[in-house]
Amino acid sequence: MRVRVRFAPSPTGYLHIGGARTALFNWLFARQQGGEFLLRIEDTDAERSRPELIDAIFRALEWLGLDWDDTPVYQSERGDAYRDAVDRLLASGAAYWCACTPEEVKARAEARGGTPGYDGHCRDLDLGSGVGRVVRFRVPDEGSTSFDDVIRGEVSFDNANLEDFVVVRSSGAPMFHLANAVDDAAQNITHVVRGEDLINVTPKVLLLRDALAVPGELVFAHLPLIVNDKRQKLSKRRDDVSVGDYIDRGYLSEAMVNYLATLGWGPPDGIEIRPLAEIVAAFRLGDVNRSGAFFDVKKLQHFNGEYIRGLPTSEFVTRSTPWLFAADVPWAADRFDVDAFEALAPLVQERVKLLSEVPGYVDFVFLVEPVLDEASWAKVMVKGRDLAVAVLDHAAKAFADCEWTVADLDVALFSYADTHDVAKGKVQAPVRVAVTGRSVGPPLFESLVVLGRDETLRRIGVAKDRL
RNA sequence: GCCCCCAUCGUCCAGUGGCCUAGGACGCUGCCCUUUCAAGGCGGUAACACGGGUUCGAAUCCCGUUGGGGGUACCA
C-alpha cells in the first residue's frame, strides 16, 4: 500500500523547531517511500486557533522546502464528518452523553483522594443531548490497548488507566482525538509520525478507530522530543524557537533542514552535511532514536557556515542582498553599490556563518564615514599610537601614487614592515581601523581596491587628525 | 500520585554479542598556514548512569535501582 503521512499543525502559534522537525521526518519518510505527504490544519478549538497563523505556517514549510501533496484539510470545515462519527458512536453505545461540569468532575476526583480523571458518573444514566453536556467515549474497563511503534516497539496501556474521555465539547465542537481518528481514516493515512508528547493519546485514537470500525491498520512512529538546555520539551514561551526567527537571523533553509535531520537520526556513513536528496535516500524511520535531542544552535551555525561557503558566489550575492537593505542597516539605500558588493562577496562568503553578518563586513564601503568600533580604536590607535602614526604617515605617502591593485598596495604598505622589522599584522591594523573602523574584516587590500584611492586617503587623513 | 517513554563524550550521531584499548561531528583546546578575521591542515580533550543476571564473551540481551523527560484538560 502506498504510504500516506500527514503533518497536522494546530494554528495556535508560529511553526516552531519541533513542528518543523516533525514535518521534516514525515516528509522524508513519504519521499523516501514514494508516498504522499499531506497537510491538515487542526483548528477544532475556535478559542485558540488563529486563522492568520495558517498562512505563516504554510510559508515556513515552503521556506523549508517541504512540499505537500493535495490541498490541505481544515478540520473546521469537517463538522459533518465528525457529527456523523459521533452519531455512530452514540448509536452503538460506544459513547454517551455526560452532564457533569469540569468542576464537578474535579471535585469528585479530589473527594476520591486526588486521583485526577473522570469517574464514569453519567456512564449508564442514558442521558440525551442537552445544553452544557458533552459526549464521552466509553473506555473498556478491562484489557489493554497497545500498538507496535516503529521507533519504540510495543507500547501498551491498561484500559483501566484510561478515563472516559470527552469526544464532543459542550460547545458541540469535536475534540482532537475524535477529529484525528476520523480524518486519518478519511485521508487514508497509513503512518502517523509525530512527537513523543502525543504517545499517551494513541490508545484513545486506537479505541476510537476500533469503535468506528475503521478498516486497515494505522502505523505509529513517535519521534523523540527536541529539548532545551534543561532537557525539557521546547516551549514557545520559554525557548526561542520559531522557524521565522531563524529566517530573520540569516539561516539558510538548507542548513536548517539538514541540521534538523540530524536530530534523532544519523546517516549510516556518518556524513552529516549533505544534500537533501541523499538524506531522503538514506533515511529510515525505524532507525530514528528514542531519546530526546538538544537543539544546539552552535552546531546549526556551523552547518549554516558550511552551506554559505558552499553556495555559488552569485547565489550568495542574491541571497545576502536583502540583508543589505534591511531596516536596521545604517546607510541610505541609494548608497548601496552592487559592483562593490560583488567584488567583496567571495571574501565575505567564507567568513560569515549567518547572512545577517554580511552587512557588518561591507558597511565601510556604503557608509559616508565608517562606524568606529571603540574597542578596535583603543587597542590599535591608542595603545599602539606611535606605530599607528608612523604607519598611517607611510601609507598616506605610499598609497598616493602606487598602482591601485592588491599586489601594489601590498608592496606599498608592507615595505614599512620590511624596513622597520614589524610584523605585517601590526602594520595593516592601523590602516584597517582607519578605513573600515574595525580591526576585523575582509582582506585589507581587496577592501581598499573597492573603496578607491581618494576615499582611502581621505579616511587615513581623518584618522591621522583624530590621533 | 498514576500512566507512558528514555538512558554512549558537554552536545548531536555511529555502534543491533566478539572487528570497541568505543568511531565521526559540533564545542572547547594545542600547533601549522596567515595582512586582521575566517577558512583549511595536523593533534588533543571527553562517554557506555549504577547493581544484578544470561553468555566462553555485553555498550549491545534480561531484571532491578537511580536519574531524566512526557502525559495526566470540554488544548493539540
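These values consider heavy atoms only, across backbone and side chains, with no hydrogens, waters or symmetry-generated copies. Within every chain, numbering begins at 1; the chains are lettered A, B, ... in the order of the sequence lines, protein sequences first and strands thereafter.
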Any strand, both distances under 3.5 Å, Watson-Crick or G-U wobble: B/C19 pairs with none

Sorted by chain and number, sequence neighbours left out, ring pair (Phe, Tyr, Trp, His ring centres under 6.0 Å) with A/Y74 holds for none

*asked:* Mind checking if A/V155 touches a base, just sugar-phosphate, or nothing, with heavy atoms under 4.0 Å?
replied: sugar-phosphate

When rounded to whole Å, the CZ to P distance for the pair A/F303 and B/C13 reads 11 Å

Ring pair (Phe, Tyr, Trp, His ring centres under 6.0 Å) filter on A/H16, not counting sequence neighbours, yields none

field: Base B/G71 to side chain A/D197, donor-acceptor N/O within 3.5 Å cut-off
entry: no

The complete set of salt bridge (charged side-chain N to carboxylate O under 4.0 Å, His left out) pairs with one or both residues in residues 134-146 of chain A, sequence neighbours excluded, reads A/R123-A/D141, A/D124-A/R138

### Task
Using a strict 4.0 Å threshold on nitrogen-to-oxygen distance, state whether A/E254 and A/R319 make a salt bridge.
yes

When rounded to whole Å, the CD to C1' distance for the pair A/E272 and B/G27 reads 13 Å

**Spacing of the P atoms in B/C32 and B/C48 (rounded, Å)** = 34 Å

Only residue of A/F414, A/F399, A/W404 satisfying ring pair (Phe, Tyr, Trp, His ring centres under 6.0 Å) with A/F445 is A/F414

| query | Base, sugar-phosphate alone, or nothing: which one does A/G264 contact when heavy atoms must sit under 4.0 Å apart? | reply | sugar-phosphate

A/D184 atom CG is separated from B/A76 atom C1', nearest whole Å, by 13 Å

Taken to the nearest whole Å, CD/A/E196 to P/B/C3 is 17 Å

* Within the structure shown, what part of the strands sits under 4.0 Å from A/R48 by heavy-atom distance: base, sugar-phosphate, or nothing? -> base

Item to check | Whole-Å C1' distance, B/U72 and B/C50 | outcome: 30 Å

From CZ of A/F295 across to C1' of B/C26 the rounded distance in Å is 13 Å

Paired to B/A49 by Watson-Crick or G-U wobble criteria (both distances under 3.5 Å) is B/U65

Check this one for me: any side-chain N or O of A/T44 less than 4.0 Å away from OP1 or OP2 of B/A76? yes

A/D87 meets the side chain to side chain donor-acceptor pair (under 3.5 Å) criterion, sequence neighbours left out, with none

Extract all donor-acceptor atom pairs below 3.5 Å that involve side chains of residues 356-363 of chain A and protein atoms in other chains or at least two apart in sequence.
residue: A/S356; atom: OG; partner: A/R249; partner atom: O; Å: 2.7
residue: A/E357; atom: OE2; partner: A/K353; partner atom: N; Å: 3.2
residue: A/E357; atom: OE2; partner: A/L354; partner atom: N; Å: 3.0
residue: A/D363; atom: OD1; partner: A/R438; partner atom: NH1; Å: 3.2
residue: A/D363; atom: OD2; partner: A/R438; partner atom: NH1; Å: 3.4
residue: A/D363; atom: OD2; partner: A/R438; partner atom: NH2; Å: 2.7

### Task
Give a yes or no on whether a donor-acceptor pair under 3.5 Å exists between the nucleobase atoms of B/G70, that is its base, and the side chain of A/Q232.
no

| task | Taking atom C1' in both B/C12 and B/A7, compute the distance separating them and give it to the nearest angstrom. | result | 15 Å

Looking only at B/A76, B/G71, B/A73, the nucleotide nearest the A/P116 side chain is B/A73

Residues, nucleotides or ligands: over 12 heavy atoms within 6.0 Å of A/K426 NZ: no

Whole-angstrom distance between B/C20 and B/G15, as gauged at atom C1': 9 Å

Looking only at B/C74, B/C3, B/C5, the nucleotide nearest the A/I199 side chain is B/C5

Practice prompt. Assign A/T101 to base, sugar-phosphate, or nothing according to its heavy-atom contacts below 4.0 angstrom with the strands shown.
Written response: base

Taken to the nearest whole Å, CG/A/L223 to P/B/G70 is 16 Å

Have a look at A/F294 and say if it touches a base, only the backbone sugar-phosphate, or nothing, with a 4.0 Å heavy-atom cut-off. sugar-phosphate

Going 5' to 3' through nucleotides 33-49 of chain B and flagging B where a protein heavy-atom sits under 4.0 Å of the base, S where only the sugar-phosphate is that close, and - otherwise, we get --BBBBSS---------

Among the nucleotides B/C3, B/C12, B/G71, whichever has the atom closest to the side chain of A/A293 is B/C12

Nearest-nucleotide check on RNA chain B, A/D158 vs A/S170; residue mapping nearer the 5' end is A/D158

| message | Using atom C1' in both nucleotides, what's the gap between B/G24 and B/C62 to the nearest angstrom? | response | 31 Å

In Watson-Crick or G-U wobble terms, with both distances under 3.5 Å, the base opposite B/G40 is B/C32

A/F165 CZ to B/C3 C1', in whole Å, measures 15 Å

Between A/R194 and A/T202, do the side chains contain an N or O donor and an N or O acceptor separated by less than 3.5 Å? yes

Sticking with atom C1', work out how far B/C28 lies from B/A49, rounded to a whole angstrom. 24 Å

inquiry  = Could you tell me how far B/G68 sits from B/A76 if I compare only their C1' atoms? Round to whole Å.
reply    = 24 Å

Exercise. Describe the nucleic acid contact of A/L198 in one word from base, sugar-phosphate, nothing, applying a heavy-atom distance below 4.0 Å.
Key: base

Check whether any side-chain N or O of A/K298 sits under 4.0 Å from OP1 or OP2 of B/G10, and answer yes or no. no

Practice prompt. Pick the P atom in B/G23 and in B/C4, then give their distance to the nearest Å.
Written response: 37 Å

With a 3.5 Å distance limit and no angle check, can you tell me whether A/E42 reaches the backbone of A/F176 through a side-chain donor-acceptor pair?
no

Any donor-acceptor pair under 3.5 Å joining the side chain of A/S291 to the base of B/C6? no

With heavy atoms under 4.0 Å as the rule, sort A/G13 into base, sugar-phosphate or nothing.
nothing

Does a side-chain N or O from A/N289 land closer than 4.0 Å to OP1 or OP2 of B/A14, or not? yes

Partner of B/A25 under the Watson-Crick or G-U wobble criteria, both distances under 3.5 Å, comes out as B/U11

Separation of B/C13 atom P from A/F283 atom CZ, nearest Å, is 13 Å

